[in-house]
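Notes follow the structure.
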Amino acid sequence: MGAEVRPVHQPALLEQTVAVRTVSGAEAAGVELPVARVAVDMSLPHLDRPFDYRVTPEQDAAAQPGTRVSVRFAGKDRTGYVLERAATTDHHGTLMPLRRVVSALPVLTPEIAALCRAVADRYAGSLMDVVRLAVPPRHATTEKAVLEGTAADRTGTTAAHLPGTAWDHYVGGAAYVRRLAAGESPRAVWSALPAHGPGVPDRLASIAEAAAATLASGRGVVVVVPSAHEAEVVEAALTAALPGEPVVSLQADHGPSRRYRAFVRLLTGQARVVVGTRAAAFAPVRRVGLLVCWDDGDDLLAEPRAPYPHAREVLTLRAAQEGAALLLGGWTRSVEAGLLVATGWAASVTASRATVRERTPRIEAPGEIDLAREGPAAAARIPRPAWELVRKALEKGPVLVQVPRSGYLPVVACQGCREPARCRECHGPLQLGGRTSVPSCRWCGRPDRTWACPTCGSSAMRASRVGSARTAEELGRAFPKVPVVLSGARADHGVVREVDEKARVVVATPGAEPVARGGYQGALLLDAAAVSGRQDLAAPSEALRRWLAAAALVRPASEGGRVMLLGDPAPIPGQALVRWDPAGFAERELAERHELHLPPASRMASVRGSARAVAGLLRHLERPDGVEVLGPVPFSEEEVQALVRSDLGQGSRLTRALAQAAAVRSAHKEPDSVRIQVDPTEL
DNA sequence: TACCGCGAAGCT
DNA sequence: GCTTCGCGGTAC
């Protein structure tokens, strides 16, 4: 994607033209390639380059590229990775010998090393920061155990590809899978359709068919999903759909041993299919043929550690470097995925309008005019037509109610002047945990029995946000014969994963919606303004993503499935939901970003830290034409933030300039730290 | 002449 | 980050 492919040993920072000398004679001690170029494990921006060490005759056989070694660096033992072996060095002093080869297993393959370099350059970070995300810590006993099982190497075995039907309903879908099976590497952005009822192949069947086709071409598969639970669901589906094919799961929360075991099995070719969370984008699958990312708009796919790479970008870079196919799928379409389609780099795979109508529920977003006709009920959070929808749907099956916030009344305000009620200790927002409970602070937990408004003196409170628990209570009162289920990431209840086909009301926060066997008969999406109306660049797309995820759990209109979007949604994502048109939404959103010169139509980075640190970095920042600096402006009490922007064509120059500036700061030992985030998550 | 403390330099 | 180097200082 326009990113330069740079050899691992040539960092972006310094174009060095230094005299090279051949290491020979006594120094080489009979070793043919006596120099090991080592990436040393530390994260100093100005030392983001390999260092040369001497390989002793005893280390010669083991110290192959990719192996983990221990070296003396600045007087201290550190681990590192051999990037390559060479006969020459550009270092003038005598080379220090490698202290020890930790293991002969080459854990940092040339492909993954090159990917880490590309990711580091893309995000203005250092190679080692990325390698730490890509290569899990060694677990010696596990390594030994897995290597003893290497006999079962599967590379070369080829599963027969039995064409399925899961892609037939997508225009270009069957061709996509056919090309995978033929060993080609097509790139697609796929708008998945919900599937309910027996015999209708769902998104998991589509992913499994794409995987099977890739395996049939003799290549491996990487599937990245946002959450551990999603990984389990997809892993189970692939295991069932690919008999005899081991599917490994790679998740940070599996613990060091299990994680390293999965990693080594892929590395040695004992398994060639992996499903996992964001770090799995780096999984060392041999001869990788297909890279899949499900729901790439989920911000869980953005790594929270420097340099903050997003799994979608990692896979995109990897597809380009390794010549693999890419499949970005989801109910919605992220603006970033839309850009890949707009530039022609990836194809759009969607269903025809007729198929969309056939597979999706009927969706309404009653506007103000409709509601005005309802009289006083219109002002309510759940107006009369919505109660009607729930009542009728419950005759045939379960109903989902999506509420943006958990809790009872998570935000309360003064009845008199509507000022938000705040904690007297820490000024955090007050909440009510239940109908009769005492107000308490959401930040410090301190209860406040005697609250009175500091502005107008009133002691009466009103709800300014209604949470899922209160919503569940209201629905329970309205439908006393129907069970109510609450689902959300909270200590007092937790996430429910699945409900059966019986009539019940399920109240869930976004992302915690249980799957209903056979699909929900209806759904209400409440308080639509809460997300879609936020003054955040990502608000409309995030809102649509959440709404589509809930609507995808509802039966099609032909079976009476209905969805109602309530609470003053922003019109553009609201209409995109009603028309079930995520591709059109992404296109429109992208056009707007182009116009406003905002990402992903331009490259943007945030630079945050103390005022002097940010000023220092900006002073060192080279600003070629087209690079623009906005700010700095205060970010918090102690910190300021500046935004740096360029158009996409200048993107790699911008990130290189940022890395260079950070390197200069680091070399000068300027005080305080700066946090550089390319593609900042919040704008 | 030996040794400490401190700041700067450089890390193969 | 970390160590080490080299300087000027002081004590013996």
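The sequence lines fix the lettering, A, B, ..., with proteins before strands; numbering per chain opens at 1.
By the side-chain contact (heavy atoms from CB on, under 4.5 Å) test, A:S666 is found to be paired with A:L44, A:P45, A:H46, residues two or more places apart in sequence or in another chain being considered. With sequence neighbours left out, the ring pair (Phe, Tyr, Trp, His ring centres under 6.0 Å) criterion links A:H91 to no other residue. With sequence neighbours left out, the side chain to side chain donor-acceptor pair (under 3.5 Å) criterion links A:D52 to A:R37, A:T89. Under the side-chain contact (heavy atoms from CB on, under 4.5 Å) criterion, A:L300 pairs with A:P226, A:S227, A:D298, not counting sequence neighbours. Listed by chain and number, the residues in a salt bridge (charged side-chain N to carboxylate O under 4.0 Å, His left out) with A:R54 amount to none (sequence neighbours excluded).
Judged as a ring pair (Phe, Tyr, Trp, His ring centres under 6.0 Å), the pairs with a partner in residues 658-683 of chain A (not counting sequence neighbours) are, in order, A:H620-A:H668. Sorted by first and then second residue, the ring pair (Phe, Tyr, Trp, His ring centres under 6.0 Å) pairs involving residues 275-300 of chain A (not counting sequence neighbours) are A:W190-A:W294, A:W294-A:W331.
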Shorter than 3.5 Å, N or O on both sides, protein versus nucleotides 1-6 of chain C: list them out with atom names.
unit_1	atom_1	unit_2	atom_2	d
C:dT3	O4'	A:A74	O	3.1

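Between the C1' atoms of B:dC6 and C:dC12, the separation comes to 22 Å (whole Å).
Residues A:T142 and A:S257 have side chains that bring a donor and an acceptor to within less than 3.5 angstrom of each other.
Close approach of DNA chain B to chain A, defined as any atom under 4.0 Å from a non-hydrogen atom of the protein, starts and stops at B:dA9 to B:dT12.
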